[in-house]
Every structure is written in C-alpha cells, then in structure tokens.
Amino acid sequence: MKQNKDIIVFGSLNMDLVVKTSKFPNLSETIICDEFYTSPGGKGGNQAVAAARLADNEYKVKFIGRVGDDIFGTDILKNLLKENIDISNIEITKNISTGIASIFIMPNGENSVNAIYGANSFVNESQVNDFEKISTNAGVILLQQEIPNKTLDLILKKAKKKFIPIILDPAPYRENLTGIYKNINIITPNEIEASSLSNIEVKDSLSAKKAARYIRNFGIDTVIITLGSNGIWIETENISEHVDTYKIKSKSSVAAGDAFNGALAYATLKNSNIIDSVDLAIAASSISVTREGSQSSMAKRYEVEKFMQSNR
Ligand code: RIB
C-alpha cells in the first residue's frame, strides 16, 4: 500500500499565558483584568495542531523541537499527543524552562504577545540531524522563526538539499535573514513582516503586490502575504492576485496566522493548485479566530469542509 507523505513541523512550543483585558496599563500602573487562562501554543505547536486536525490521520504530522523539564513542557507534550502528533523527536532538557508567551487580548480580539523562548532557543544542530533521520517520507516541512537563526539556516539548507518543499512563516521578523531564504518554496509574511522584509509599507493590495515581488526576488517561488481581514496577496511566477477572506466576528486572532500556515501545509499535499490551497487555509484560519485558545482554536477537517460549502 502506498504510504502518504508526512508533514514535518520544525520549530517552537510555548505555553501561552493569556490575559483578557479592556485596557493596557501605563508604566507604574496596576490594572485589574477580566480573565486568565493557559493554553498550549507556540507558532510551531499551533501550526502542527492545525495541520494534524485537517490531516485527520491521512498524513502523519511529526514535530521536531524542544521543551524544558517542567509542568508546561509536560502539558504541551500531552496535548500534542492527544492531537495525534508524533512527539518522538521533541527533546526534553533539564534545567531550562519551556518557552512561554504572555498574551493580552482586547475585547475586539486583537492581541499583543511578549514571548520568552526558553527551550526553543536551544533547538540546535542535533535536531537538524533528527530531521535528516525522519525525513525519508517528508512531503513538506513547515518552519517559523522562534528558534535560533543558525538552526534555521541549517534546517533550510538540509531541506533544500533533500528537495523537500519548504513553507516558512517568517514570524517573528528577524533582521538579516533574507540571505538564507533562497530556494524556499512558500513564504507567508503578514503585512508587518512583509513591510520589514521589503521596506515597503504594506497597507493594501497595491503595496502588497509590490512587496511580494520584492520578496520573491530573494529566490522564493511563492510569496503569500496575509493582510488580516483585507485578504491575501499571492505572487508566483504566473499568479499575481488578491484573494478575499470571509467576514468573521473575531474573538481572538492570536493563532490565526498559525492556523493559516498549518492548513496550507496540509493543503499543498492535498491540492496541486495554490489558489485552492490558499482558499482552504483562509477557511481554517477564519474558523480559528472565532475561538479562544491557541492550539485548541484550530479547525477540524469536517468543520473546514462545512464552512467552505456554506460560504461558497
Ligand atoms: O502565533 C501565536 C503564537 O505566538 C502564540 O501561541 C505564542 O506562543 C507565540 O509564539
């Protein structure tokens, strides 16, 4: 029997410490906020869960990353396991803390994130070697920028050498990385990251198109700029177009980009057409913003199918 390809997510795991508030304190001020909860997160973890819920065991999602030997690490691993993600290549390291993100969510769903990467900062060459060992059946590798630049460089080189399609979410933006982006298949900056990468202020379709063309010149096949509620810009050799998103009332946009990227990884294995893949990723991301939580906000396959049918 033909074995389906694997989706490899190489990257970050955080415990999100979420505070819901209607205002931010000034310096030296204390304010009382509305609600607090913890939620397994990290861009890598969120993307893996988004992909796994869509893959629904048709494709295996394998995670490569690192947590500390603490309660947050234990909870994150338990959650990934529950989502049918292969965690055998997540290292647990003593005496370092698992990554955390302190997140503030406003009533309109907008948010700000302060992250301390902890164990993610120790993702290193030994994990690039683990990737080498498990990559025989890889159909796509999904990366973000919450791990050290040096490791990102190594894993990009390794994946390119093995001709494994690469999707990079260049978040958060880090300076001086564009040199290592050459030969990436898909890059998915949001408007802030696209502005930083291109030095063009991205605020609408026209500026997104200009920025996407600039970023493509780094040697990238496909540039997909996510513009929040203003849609998506896709730029490839043959496509240069805007795709609308759905009108959605957002509860929390914390992991919307991750929902998009995880779904895109799944969709590129499923579809040969990039516009169809982006459509599916938009639907998955639209559902995620109607829910709170990070990994827990990701849409299941049947939910995305139903959403696409009823909103077509
Ligand atoms: O993209 C959202 C994620 O970014 C959060 O889950 C948080 O952990 C930060 O890494």
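When a residue number appears, it is its place in the shown sequence, counting from 1. In each ligand, atom 1 is the first atom listed, and ligand 1 is the first ligand listed.
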Closest heavy-atom approach to atom 7 (C) of ligand 1 among D16, N120, N46 is made by D16
Residue pair D70 / S97, side-chain donor-acceptor N/O under 3.5 Å
no
Ranking Q144, E146, Q295, M15 by closest non-hydrogen atom to atom 9 (C) of ligand 1, top hit is E146
For N14, the ligand 1 atoms with a heavy-atom partner under 4.0 Å come out as 7 (C), 8 (O), 9 (C), 10 (O)
Exactly one of Q47, K43, Q144 clears side chain to side chain donor-acceptor pair (under 3.5 Å) with D169, and that residue is Q47
Open item on the list: Looking at N273, is its backbone amide N or carbonyl O close enough to the side chain of D276 to form a donor-acceptor pair, meaning the two atoms are under 3.5 Å apart?
Closed with: no
Taking only non-hydrogen atoms of V254 and a 4.0 Å limit, the atoms of ligand 1 in range are 1 (O), 2 (C)
Salt-bridge test for K150 and E125: reply yes if a basic N is under 4.0 Å from a carboxylate O, no otherwise.
-> no
- Does S198 reach the main-chain N or O of A194 with its side chain, forming a donor-acceptor pair under 3.5 Å? yes
A student checking ligand 1 against A101 at a 4.0 Å heavy-atom cut-off should list atoms 7 (C), 8 (O)
message: Please determine whether any non-hydrogen atom of G42 lies less than 4.0 Å from an atom of ligand 1.
response: yes
Under a 4.0 Å threshold between the charged nitrogen and the carboxylate oxygen, would D69 count as salt-bridged to K94?
yes
Ranked by distance from atom 1 (O) of ligand 1, the top protein heavy atom is D258 OD2, 2.7 Å
Of all protein heavy atoms, the one nearest atom 4 (O) of ligand 1 is K43 NZ, 3.2 Å
